[in-house]
Peer 1: 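If you scroll down you'll find the structure; I have some questions about it.
Every number for a ligand or one of its atoms is a count from 1 in the order of the listing. Fair warning: this is a prediction, and the values are worked out from it, not measured in the lab.
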Amino acid sequence: MMFKTAAAICSLLPSLALAQYGYNPPAGNSSPTTSSAAAAAAVPSAPANTDGHINVDVAAGGQFVFSPANITAPNNTVVTFFFPNAGITHSVTQSSFAAPCTYLAASSNNSAGFDSGLTAGTQFSITITDDTKPIWFHCKQITHCGIGMVGSINAPTTGNTHANFVAAAMAIGAAGEPTEADNGPTTGGFGALATAPPTSGTAAPTSGGSGGSGNGALQTGMSMAAVLAGVAAAVSFA
Ligand SMILES: *[C@@H]1O[C@H](CO)[C@@H](O)[C@H](O)[C@H]1NC(C)=O
Ligand SMILES: *[C@@H]1O[C@H](CO)[C@@H](O)[C@H](O)[C@H]1NC(C)=O
Ligand SMILES: *[C@@H]1O[C@H](CO)[C@@H](O)[C@H](O)[C@H]1NC(C)=O
Ligand SMILES: [Cu+2]
């Protein structure tokens with residue numbers, strides 16, 4: 001009964017989000033596509049990489065993806081994630097190869113993962129502390145991980161590869177992924193270190209659109225988060 005309710009809500013939400021915000025699903029998702037022009041204009045491009053600093057677009061072009069998603073970053077590299085000003089909130093949440101859509105809790109083998117928490121109009125940075133350990137991450141916004149909104153840093157080129165991680169997330173699927181609580185930002189990390197929660201403000205777009213200060217956009221993001229929190233509460237009490 002609870003599973004059915006959750007599954008029904010999960011399958012409903014992506015189309016709701018798509019209709020409301022004009023987001024496009026990644027290739028292979030059967031949800032209807034709408035014009036990406038509006039969403040694309042609202043998403044600032046991350047600045048170009050500089051020496052020792054890699055910049056990642058979250059929901060680039062209004063798609064449910066990290067761009068780039070497959071990152072190679074030696075020790076001390078800073079990786080900064082840029083969240084869109086408008087539309088639904090997203091997160092960068094550390095997980096594991098074994099459980100792509102589940103926050104990496106502390107265990108005897110690893111320290112707890114980093115988590116930006118659901119956010120919009122912000123940027124969030126991590127510094128690589130051990131490039132011998134693959135770092136796996138996903139977006140915790142409901143349904144996003146299961147449609148492939150995941151990424152990796154220093155994934156092996158054989159065995160547990162980046163491609164196999166994406167496939168594992170998509171095998172879980174939007175309806176199968178766990179509903180995750182948003183506990184706000186968590187600093188720390190395993191193989192990488194976040195020293196601060198997301199900071200407000202994103203980079204100005206490199207072309208087109210208006211950067212926006214983020215205040216109005218943040219409210220849009222927060223009200224969507226509130227809607228989702230309400231849904232999550234309804235599901236867990238079902
Ligand atoms: C720690 O790693 C070992 C060996 O890979 C594994 O058997 C064990 O289940 C892991 N423990 C936890 C708590 O993840
Ligand atoms: C990166 O740092 C980790 C942890 O200190 C260390 O084990 C590893 O050898 C370092 N990588 C390189 C290429 O030096
Ligand atoms: C990920 O990046 C590594 C290193 O650049 C590369 O060897 C590998 O083929 C890439 N995997 C995918 C799925 O793009
Ligand atoms: Cu997302």
Side-chain angles (χ1 to χ4, degrees), residues 10 13-14 16-18 20-21 23-27 29 31 39 42-43 49 52 54 56-79 81-95 97 100-101 103 110-111 115-122 124 126-170 172 174 177-180 182 189-193 198 220-221 224-225 227-228 232:
C10 288
L13 275 170
L16 186 91
L18 283 164
Q20 210 167 345
Y21 298 105
Y23 270 50
N24 285 339
N29 186 283
S31 302
V43 179
N49 294 342
I54 295 172
V56 179
D57 269 314
V58 178
Q63 308 275 325
F64 293 116
V65 292
F66 295 98
S67 181
N70 176 21
I71 297 159
T72 302
N75 286 346
N76 302 316
T77 305
V78 177
V79 181
F81 296 88
F82 288 84
F83 292 85
N85 281 326
I88 47 182
T89 53
H90 299 274
S91 78
V92 176
T93 304
Q94 192 168 10
S95 48
F97 188 88
C101 302
Y103 173 69
N110 60 268
S111 50
D115 186 1
S116 66
L118 290 172
T119 185
T122 57
F124 179 66
I126 60 174
T127 302
I128 306 306
T129 55
D130 189 349
D131 56 14
T132 67
K133 293 184 170 68
I135 293 163
W136 312 103
F137 60 87
H138 69 290
C139 173
K140 67 163 42 173
Q141 183 62 276
I142 190 164
T143 73
H144 292 193
C145 180
I147 59 174
M149 192 166 182
V150 297
S152 68
I153 302 173
N154 301 326
T157 51
T158 58
N160 289 355
T161 61
H162 174 80
N164 285 342
F165 183 63
V166 176
M170 294 185 79
I172 292 169
E177 76 174 50
T179 299
E180 293 187 280
D182 182 26
F190 179 58
L193 189 66
T220 307
M224 188 60 192
V227 167
L228 288 162

Peer 1: Rounding to 10°, state the angle centred on the Cu ion (ligand 4) that links SD in M149 with SG in C139.
Peer 2: 110°
Peer 1: As a check for students: among T72, N164, V166, T161, identify the option with a heavy atom nearest to atom 4 (C) of ligand 3.
Peer 2: T72
Peer 1: What N/O/S atom of H144 is the closest to the Cu ion (ligand 4)?
Peer 2: ND1
Peer 1: Suppose we measure from atom 9 (O) of ligand 3 to each protein heavy atom; which comes out shortest, and what is that distance?
Peer 2: N70 ND2, 4.8 Å
Peer 1: Quick one: does F165's side chain get under 4.5 Å of P100's, heavy atoms only?
Peer 2: yes
Peer 1: Can you tell me if the gamma sulfurs of C145 and C139 sit closer than 2.5 Å?
Peer 2: no
Peer 1: Is the shortest heavy-atom distance from the side chain of V92 to the side chain of F83 under 4.5 Å?
Peer 2: yes
Peer 1: Let me know which of I126, I135, T127, N49 forms a side-chain contact (heavy atoms from CB on, under 4.5 Å) with V79.
Peer 2: I126
Peer 1: Return the closest protein heavy atom for atom 7 (O) of ligand 2 as residue, atom name and distance.
Peer 2: D130 OD1, 4.0 Å
Peer 1: In sequence, state the C-alpha distance, the side-chain angles, and the governing distance for T77 and I71, and then conclude on side-chain contact (heavy atoms from CB on, under 4.5 Å).
Peer 2: CA-CA 11 Å; T77 305; I71 297 159; over 6 Å; no
Peer 1: Is there a donor in the side chain of S116 and an acceptor in the side chain of T119, or the other way round, less than 3.5 Å apart?
Peer 2: no
Peer 1: A163 heavy atoms, cut-off 4.0 Å: which ligand 3 atoms fall inside?
Peer 2: 13 (C)
Peer 1: Return the closest protein heavy atom for atom 2 (O) of ligand 2 as residue, atom name and distance.
Peer 2: N75 ND2, 2.3 Å
Peer 1: What are the atoms of ligand 3, with element, lying closer than 4.0 Å to any heavy atom of T157?
Peer 2: 7 (O)
Peer 1: Among all protein heavy atoms, pick the one closest to atom 13 (C) of ligand 2 and tell me residue, atom and distance.
Peer 2: D131 OD2, 3.6 Å
Peer 1: Under 4.0 Å from a heavy atom of T129: which atoms of ligand 2 are those, numbered in the order shown and with their elements?
Peer 2: 2 (O), 3 (C), 4 (C)
Peer 1: According to the interplanar angle, ranging from 0 to 90°, do the rings of F137 and F66 count as parallel (below 30°), tilted (30 to 60°) or perpendicular (above 60°)?
Peer 2: perpendicular
Peer 1: Of all heavy-atom pairs between W136 and A155, which one has the smallest distance, and what is that distance?
Peer 2: CH2-CB, 3.7 Å
Peer 1: Could you check which N/O/S atom of H90 is closest to the Cu ion (ligand 4)?
Peer 2: ND1
Peer 1: Heavy atoms only: give me the nearest H90-P84 pair and the separation to one decimal.
Peer 2: CD2-CG, 4.1 Å
Peer 1: If the contact criterion is a heavy-atom separation under 4.0 Å, does I128 count as touching ligand 2?
Peer 2: no
Peer 1: Polar-atom distance check: H162 versus ligand 3, any N or O pair below 3.5 Å?
Peer 2: no
